[in-house]
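Quick notes on the structure that follows.
Everything quoted here is computed from the prediction, not taken from an experiment. One is the number of the first residue; the rest follow in order along the sequence.
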Amino acid sequence: MRVGLLQEGDLTGTNAYERYHQLIEEVALADELGFSTWGTSEQHFSPPNFSVAAPEVLYSAIAMRTKNIKLRIMAAVMLKWNHPILVAERMATLDIVSHGRAELCTARSNNLTTLGAFGVDPATTREQWEDGMAVLLKAMTADKLEHDGPIWKIPPVEVVPKPYTKPHLPLSVAASSVQTHTIAGERGIGVVTFDNYFGFDYLQECMDAYLTAFDSADHSNVLAPNDFRGLFVATAFCAEDRKQAREIAREKAMGYFKFILDLYIPLSKQPGYTYLETLDQLIAHQDDLDWLCEYTPSVMIGTPGDFIERLRRLEEIGVDEVVLRIDGVGHENIKRSLELIGHEVIPAVR
């Protein structure tokens with residue numbers, strides 16, 4: 001079991017200038033403590049919880065301050081405002097300057113505000129993601145990229161630079177539905193389960209669907225099959241005392257959960273997001289942190305012992321790496337939480 005970190009530039013109590021430099025310091029600490037991965041998502045128009053709209057720029061600064069930790073974008077939104085050639089060029093550059101530590105998780109977005117601002121029809125996001133992935137792979141591996149797909153029409157071009165990692169960067173997709181887990185398995189790419197507030201049984205269903213699809217698919221034409229299975233924990237915080245941990249993280253945990261509900265409720269009425277049809281239980285517990293800590297894999301708040309117990313349970317379900325979002329609770333609190341996890345949790349589950 002590996003333990004990674006995801007941060008999204010939460011501006012609570014600070015500003016972007018201060019928070020970005022704090023982030024760089026926090027990732028350098030996580031690198032020293034043995035965290036496996038650091039990443040951030042690409043987010044637009046959603047302060048104060050999210051402020052990283054140009055992740056590739058921030059990653060380059062962090063690459064210069066770290067040595068071992070993998071740098072995984074979680075996730076690059078593969079829709080029309082992110083041309084897959086530009087994604088490939090930026091990721092290859094990051095892979096070079098980090099000496100081969102870059103990884104790429106992609107997504108199709110579940111934020112209607114962002115989709116609306118960039119003029120994307122939610123019903124078309126899966127088709128855009130699939131065609132964008134085809135272009136991305138060609139851009140990273142082919143001597144000449146040429147593509148004639150439903151979304152992208154590209155004449156023969158030579159994409160420079162290519163990634164340092166061969167044949168290409170480790171690829172995964174951010175997935176919330178069983179269907180997307182299945183598609184990832186069929187394609188032979190990794191999966192990171194995102195925003196899964198639907199309980200451990202649902203997580204097991206997603207893991208089973210992924211592994212079944214991966215094991216039964218023909219990956220003979222896939223250059224680098226990757227059966228990586230990650231889990232994003234949307235709110236995490238570790239302290240020596242469970243009550244203290246929940247007091248410090250309560251406001252951030254409940255605020256993030258309500259933010260997700262505000263995304264899910266209108267999105268559940270859109271075609272292609274059928275996994276959101278059963279939201280009543282989540283809505284009924286939108287003010288109950290203790291219930292969230294027990295019911296959902298997306299909240300992990302407690303002592304080092306609580307973390308170890310939860311991580312072992314997740315490993316039994318089939319999760320390879322847990323990516324913890326520790327953000328928005330103050331720079332000093334974040335560093336103390338990282339140190340507890342690094343000194344007491346990671347050695348116990350590694």
Side-chain angles (χ1 to χ4, degrees), residues 6-12 39-53 55 73-82 105-129 173-181 191-199 202-203 206 230-236 249-289 291-292 295-300 323-325 327-328:
L6 186 144
Q7 296 172 296
E8 298 177 294
D10 192 305
L11 300 180
T12 301
T40 185
S41 58
E42 175 196 336
Q43 298 283 354
H44 305 272
F45 324 121
S46 299
N49 290 321
F50 313 95
S51 72
V52 182
I73 287 187
M74 295 184 278
V77 181
M78 298 291 289
L79 301 178
K80 280 196 169 182
W81 74 80
N82 266 343
C105 179
T106 66
R108 64 184 180 108
S109 184
N110 59 6
N111 190 319
L112 289 178
T113 299
T114 303
L115 295 178
F118 287 111
V120 174
D121 180 354
T124 68
T125 59
R126 190 178 299 280
E127 182 181 41
Q128 289 187 40
W129 175 79
V173 61
S176 297
S177 68
V178 173
Q179 183 182 10
T180 303
H181 283 79
V191 69
V192 181
T193 305
F194 260 69
D195 298 334
N196 175 21
Y197 285 93
F198 300 101
Y202 181 74
L203 176 61
C206 290
L231 170 68
F232 168 55
V233 177
T235 308
R250 177 179 297 276
E251 182 178 355
K252 188 51 52 183
M254 303 317 295
Y256 193 97
F257 180 49
K258 289 179 181 179
F259 169 81
I260 292 296
L261 284 179
D262 287 342
L263 294 181
Y264 278 177
I265 292 170
L267 195 64
S268 66
K269 300 175 175 61
Q270 298 287 335
Y273 294 87
T274 55
Y275 68 96
L276 298 175
E277 291 174 348
T278 56
L279 288 173
D280 292 346
Q281 187 177 29
L282 298 185
I283 295 170
H285 289 91
Q286 61 183 300
D287 297 311
D288 190 344
L289 178 60
W291 181 85
L292 284 174
Y295 176 77
T296 170
S298 278
V299 179
M300 193 184 304
V323 183
L324 307 174
R325 187 187 193 270
D327 207 351

Ignoring hydrogens, what is the shortest heavy-atom contact between Gly39 and Met74? Give both atom names and the distance.
CA-CE, 3.5 Å
Assess whether side-chain contact (heavy atoms from CB on, under 4.5 Å) is satisfied between Thr12 and Glu251, documenting all intermediate values.
CA-CA 11 Å; Thr12 301; Glu251 182 178 355; 5.8 Å; no
Donor-acceptor pair, side chain of Thr40 and main chain of Pro55, under 3.5 angstrom:
no
On a heavy-atom basis, which atom in Ala174 and which in Ala107 lie closest, and how many Å separate them?
CB-CB, 4.0 Å
Between Pro266 and Asp262, the two heavy atoms sitting closest are CD-O, 3.1 Å
Let me confirm one number: the CZ-CZ distance from Arg126 to Arg108, rounded to the nearest 0.5 Å.
4.0 Å
Determine whether Ser298 and Val233 make a side-chain contact, defined as any pair of heavy atoms from C-beta on separated by less than 4.5 Å.
no
Evaluate whether atom CD of Gln286 has more than 12 neighbouring non-hydrogen atoms of other residues, nucleotides or ligands under 6.0 angstrom away.
yes
So do the side chains of Leu282 and Ile260 get within less than 4.5 Å of each other, counting heavy atoms only?
no
Salt-bridge criterion met for Asp327 and Lys252 (N-O under 4.0 Å)
no
Among Thr296, Leu261, Leu279, the one residue meeting side-chain contact (heavy atoms from CB on, under 4.5 Å) with Tyr197:
Thr296
Under 3.5 Å: donor-acceptor pair, side chain of Thr106, backbone of Val173:
no
For the backbone of Pro122 and the side chain of Thr124, can you confirm whether one donor and one acceptor N or O come within less than 3.5 Å of each other?
no
Please tell me if the side chains of Pro297 and Leu231 come closer than 4.5 Å, counting only heavy atoms from C-beta onward.
yes
Centroid separation under 6.0 Å, is that true for the rings of Tyr202 and Tyr295?
no
Quick check for you: to the nearest 0.5 Å, what is the distance between Leu6 atom CG and Phe232 atom CZ?
5.0 Å
Within-4.5 Å side-chain heavy-atom neighbours: Leu115 and Trp81:
yes
Can you confirm whether Asn49 sits close enough to Glu8 that some side-chain heavy atom of one is under 4.5 Å from a side-chain heavy atom of the other?
no
Calculate, to the nearest 0.5 Å, the distance between atoms CG and CE belonging to Leu324 and Met300 respectively.
5.5 Å
Which distance, rounded to the nearest 0.5 Å, do you find between the NE2 of His44 and the OG1 of Thr114?
6.5 Å
Taking side chain as C-beta onward, heavy atoms only, is Val52 less than 4.5 Å from Gln7?
no
Starting at NE2 of His285, measure out to CG of Leu292 and round the result to the nearest 0.5 Å.
8.5 Å
Out of curiosity, Ser176 OG to Tyr264 OH, how far, rounded to the nearest 0.5 Å?
4.5 Å
